[in-house]
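Sequential numbering from 1 along the given sequence is applied to the chain's residues.
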Amino acid sequence: MADFEKRNMFSVNTRRSNSRLLVALAIACTVSVTAASSSLADPAKPSATETSAAASETVLAEALAAAGQENGELTEPVLNDGILEFSTDGGDVVIKDSGTGEQLVVEAPSLIQAFSLGLPTESSTEDVTVLDDGTALFPGDDVDLAVQTHDDGAIRAQTIIDDSSASREFRYDLDLPEGAFAEISDDGGVDIFEKLPGEKETILTSRFEPAWAVDANGEAVKTWYKFEDGALVQVVDHTDENAYPVVADPFWIPAIIVAIRVGTIIIKVGSRTVKYAKAPASRVVNALSSFKSLSYRAGSHSFKLDKAGMKHILQRHHPKYWNGSKTDKQTFFNPNMSVNDVKNLAHGALKQGRSKLAKNGMKSTRWEGTYNGIKYKITVDKGRVVQLYPR
C-alpha cells in the first residue's frame with residue numbers, strides 16, 4: 001500500500017478524540033435539546049452524534065477493507081423495551097442487558113443453535129447508536145463496540161480502540177448449549193462442536209473466524225484468541241507505535257449445510273467442512289418414544305401431525321436422524337433443532353395456512369412461509385401433515 005494511501009486511511013476519524021466528548025454530551029442531552037432548543041439548530045449542519053456515527057461507519061468499513069474482509073448483508077435492529085432485536089433469515093438475534101449491570105449480552109434464541117455471548121462493554125442498550133448500515137454502536141471511555149448481525153444470523157463484534165491506554169484483552173463470555181464445547185483451531189479461529197448424546201462423534205456447528213486487528217494506517221496489529229475461565233478472550237497487542245483507532249474483530253458464523261454425498265451430509269462452517277453419517281434407525285425411534293400428536297382445527301376440519309408423519313420428516317430432513325435418503329434438492333433443518341422445535345414449527349405453519357386448510361378441507365394442500373425465522377414448505381393431505389422441510 002502506498003505511503004500516501006496509508007496516511008489517508010481513516011482520515012475521517014482524525015478528530016475522533018475531540019468529537020467523543022461532544023458525542024457523549026449529545027447522547028445524554030438529545031431529548032432535552034430537541035424539545036427545548038430545536039429552533040437554535042442549523043439544519044444545514046449535521047449534529048455531533050451524526051458526525052461521530054458517520055466517522056465510525058467509515059472507520060469500520062475501511063478496517064474491513066484493510067483486513068481483506070467483506071461486510072455482507074446487514075440487518076437493521078429495532079429497540080423494544082430495552083432489547084435490541086435483529087430479525088435475520090436464520091432467526092432472531094437480540095442484544096440485552098445481562099441483568100448484572102456489568103455487560104451486554106448477545107443471544108440467538110431462535111437460531112436453533114442456541115448461543116449467548118457476553119460483550120466487553122459496560123454500555124446499556126439505551127446508549128446505542130444505529131448506523132446507516134444497521135451497525136449497533138455502543139460508546140465507551142477508551143473503546144467503542146460495534147455489533148453487526150448479518151441476514152444469515154452471523155454476528156460480528158468489532159472493538160474500536162482509541163489509544164494506547166485502552167485494554168489489550170477483550171472478554172466474550174460464552175454460554176453454549178449443554179454438550180457443546182469450543183476449541184482453538186489450527187488456523188487461529190475457534191470451532192464450536194456439539195457431541196451427540198451417547199456417541200463419540202462430534203459435529204462442528206459454528207465457529208469464530210480467526211481474529212484480526214488493524215490500525216488507522218491499515219497496518220496489521222498482532223492479535224489472537226485464548227480461553228480464560230470459560231470465556232473467549234481476544235488479545236490485541238496494540239502499542240504507542242500504532243496509529244489509532246485500532247479496530248479488532250471476532251466474527252461468529254453458524255453452520256450452513258450445503259450438500260450431501262453418498263452416505264454423508266456435508267456441512268460448511270466458514271472455510272471448514274464436516275460430515276454427518278447416516279443415523280441408526282433406533283435414534284429416531286428413541287427420540288419419538290414419548291411423542292404426542294399435534295392437533296389443529298381450521299374451520300370445520302381437524303388436522304394433525306402424528307408420530308408417523310414426524311418420523312418421516314426427521315428421517316428425511318434432520319441431520320441427527322437422517323436415514324440416508326436423498327433427492328436432487330435435499331434440504332436439512334439446523335442440527336441443533338429438537339423434536340419439539342420441529343413440532344412447534346409445524347404448529348406455526350398450520351396457523352399460517354389456516355385459511356387454506358379451512359377452504360380445502362381434506363384435499364391435498366401445500367404452501368410455504370417463514371415461522372420464527374425458519375423458511376419452510378409444508379404439505380397437508382387427508383388431514384395429516386405429510387411433508388415439512390426447510391426451503
Side-chain angles (χ1 to χ4, degrees), residues 75 85-94 107-115 151-153 177-178 194 196 203 205-206 254-258 260 265 267 276 279 283-298 301-323 325 327 329-358 360 364-391:
T75 300
E85 301 175 350
F86 301 80
S87 180
T88 79
D89 290 342
D92 292 338
V93 175
V94 301
E107 292 183 352
S110 62
L111 280 183
I112 309 308
Q113 289 179 297
F115 180 77
D151 58 1
D152 61 358
E178 184 177 356
E194 179 189 357
L196 293 178
I203 298 167
T205 57
S206 62
I256 302 173
I257 300 175
V258 294
I260 64 173
I265 303 171
I267 300 180
Y276 277 99
R283 186 181 297 166
V284 72
V285 172
N286 292 335
L288 295 176
S289 60
S290 60
F291 180 82
K292 294 182 179 180
S293 294
L294 166 68
S295 297
Y296 183 76
R297 191 169 184 83
H301 307 284
S302 294
F303 305 89
K304 66 180 179 180
L305 171 60
D306 56 23
K307 183 180 290 190
M310 178 62 86
K311 182 180 179 181
H312 172 78
I313 291 167
L314 295 178
Q315 288 188 314
R316 288 296 303 277
H317 301 288
H318 197 297
K320 289 183 182 178
Y321 309 107
W322 180 52
N323 63 5
S325 61
T327 63
K329 295 183 179 180
Q330 185 77 28
T331 62
F332 292 90
F333 292 112
N334 187 290
N336 280 356
M337 200 167 184
S338 68
V339 172
N340 197 52
D341 290 329
V342 177
K343 186 176 181 179
N344 289 338
L345 172 61
H347 190 205
L350 290 171
K351 288 193 293 185
Q352 290 183 345
R354 181 183 181 88
S355 60
K356 294 178 182 290
L357 294 171
N360 293 346
S364 181
T365 305
R366 65 179 59 187
W367 67 95
E368 58 185 77
T370 302
Y371 182 76
N372 275 352
I374 302 172
K375 296 179 179 179
Y376 67 84
K377 291 186 178 181
I378 186 171
T379 301
V380 179
D381 186 41
K382 298 178 182 178
R384 295 180 61 244
V385 177
V386 294
Q387 286 185 323
L388 175 65
Y389 54 92
R391 60 183 175 89

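Counting non-hydrogen atoms of neighbouring residues, nucleotides and ligands closer than 6.0 angstrom, the CZ atom of R391 exceeds 12 such neighbours.
Between L314 and L288, the closest side-chain pair of non-hydrogen atoms falls below 4.5 Å. At a threshold of 4.5 Å between non-hydrogen side-chain atoms, the residues Y321 and V339 count as touching. V342 is listed as a side-chain neighbour of M310, based on a closest heavy-atom distance under 4.5 Å. Side chains of Y389 and I313 form no contact here, defined as non-hydrogen atoms less than 4.5 Å apart. Between Y371 and H347 the shortest side-chain heavy-atom distance does not fall below 4.5 Å. Using a 4.5 Å cut-off on side-chain heavy atoms (C-beta onward), L350 and V380 make contact. Between I374 and M337, the closest side-chain pair of non-hydrogen atoms falls below 4.5 Å.
E368 approaches K377 most closely through the heavy-atom pair OE1-CE, 3.3 Å. Considering all non-hydrogen atoms of both residues, A349 and I378 come closest at CB-CD1, 3.8 Å. Taking all atoms of both residues into account, the shortest heavy-atom contact from S364 to D381 is CB-OD1, 3.3 Å. Minimum heavy-atom separation, L357 to A298: CB-CB, 3.9 Å. Taking both residues in full, the closest heavy atoms of Q352 and T370 are given as NE2-O, 2.9 Å, listed atom of the first, atom of the second, then distance.
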Query raised in the report: Hey, mind stepping through L388 and Y376 against side-chain contact (heavy atoms from CB on, under 4.5 Å) and telling me if it holds?
Result: CA-CA 7 Å; L388 175 65; Y376 67 84; 4.2 Å; yes
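Using a distance-only test at 3.5 Å, with no hydrogens or angles considered, no donor-acceptor pair links the side chain of K311 to the main chain of V284. R316 contributes no side-chain N or O that, together with a main-chain N or O of F332, makes up a donor-acceptor pair within less than 3.5 Å. The closest donor-acceptor contact from the side chain of K343 to the backbone of F291 lies at 3.5 Å or more, if one exists at all. Here the side chain of R384 pairs no donor or acceptor atom with the backbone of D306 at under 3.5 angstrom. In this structure, the side chain of H312 does not engage the main chain of Q387 through any donor-acceptor pair within 3.5 Å. Here the side chain of D341 pairs a donor or acceptor atom with the backbone of S338 at under 3.5 angstrom.
Using cut-offs of 30° and 60° on the angle between ring planes, the pair F333 and H317 is perpendicular.
Here the CZ-OH distance, from R354 to Y296, works out to 4.0 Å after rounding to the nearest 0.5 Å.
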